[in-house]
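So you know, we letter chains A, B, ... as the sequences are listed, proteins then strands, and number each from 1. Computed from a predicted structure; not experimentally measured.
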Amino acid sequence: MPNDIPSVPEDNFRQRVLMSIHAIPYGKVATYGQIARLAGSSRAARQVGGILRKLPKDSSIPWYRVVNRSGNISLIGPDYTRQRTALQDEGITFNASGVIDLALYGWDPSQP
DNA sequence: CTGCTGACCCAAG
DNA sequence: CCTTGGGCCAGCA
């Protein structure tokens, strides 16, 4: 059983990824794998990052609310700082290792 | 069409 | 805890 979502195959994967990210609530974060799953391709976590890389700067999408499985920011350099600052502005805290506590700030789509 | 790439993830050791 | 190795799959040259 290879796939998760059989229907709506016409939808662009990209569009659904962006939609899923847009649904992340303020003050919460989601992982790349989580977004991939929500977009219908549970194993396309890598692609999520690829899409975000190409994202326009003036996008209304909260790209910074996406982190990797360990609760860490995958970006490097100035981009790392930009994302971290944006998250801290929403009240999200990092531990000494620069890791977000996903049990605390991880988004659970089934919870309002 | 083929091949390489990567803001990832997981299981083993 | 860390390191390896393999898998995945949408873009892009």
Taking the side chain as every heavy atom from C-beta outward, state whether A/I21 and A/L52 have any pair of such atoms under 4.5 Å apart.
yes

With a strict under 4.0 Å distance from non-hydrogen atoms of chain A, what nucleotide opens and what nucleotide closes the contacted stretch of DNA chain B, reading 5' to 3'?
B/dG6 to B/dC10

Write out all pairs satisfying side chain to side chain donor-acceptor pair (under 3.5 Å) with one or both partners inside residues 23-32 of chain A, taking only residues at least two apart or from two chains.
none

The salt bridge (charged side-chain N to carboxylate O under 4.0 Å, His left out) partners of A/R69 (sequence neighbours excluded) come to none

What heavy-atom pair brings A/P109 and A/Q34 nearest, and what distance separates the two atoms?
CD-NE2, 3.6 Å

Mind checking what makes side-chain contact (heavy atoms from CB on, under 4.5 Å) contact with A/S70, not counting sequence neighbours?
A/N68, A/N72

Hey, could you give me each pair passing side chain to side chain donor-acceptor pair (under 3.5 Å) that has a residue in residues 103-112 of chain A? Not counting sequence neighbours.
A/T93-A/Y105, A/D108-A/S110

Rounded distance in Å - CG (A/L18) to C1' (C/dA10):
13 Å

From A/Q83 CD over to A/T85 OG1, what is the distance, rounded to the nearest 0.5 angstrom?
10.0 Å

Which of residues 44-55 of chain A have a heavy atom under 4.0 Å from DNA chain C?
A/A44, A/R46, A/Q47, A/K54

When you measure from every atom of DNA chain B, which of residues 74-89 of chain A have a heavy atom less than 4.0 Å away?
A/S74, A/L75

Any salt bridge (Lys or Arg N to Asp or Glu O under 4.0 Å) pairs touching residues 73-93 of chain A, not counting sequence neighbours?
A/R65-A/E90, A/D79-A/R82

Salt bridge (charged side-chain N to carboxylate O under 4.0 Å, His left out) with A/D101: which residues, sequence neighbours excluded?
none

Side-chain heavy atoms nearer than 4.5 Å, only ILVMFWY residues, links allowed to pass through others: does that put A/I100 and A/L104 together?
yes

Are any of the side-chain heavy atoms of A/Q47 and A/S41 separated by less than 4.5 Å?
no

Here the residues of residues 65-72 of chain A within 4.0 Å heavy-atom distance, strictly under, of DNA chain B are A/N68, A/R69

Of A/V17, A/L18, A/V66, which meets side chain to side chain contact (heavy atoms under 4.5 Å, CB included) against A/I61?
A/L18

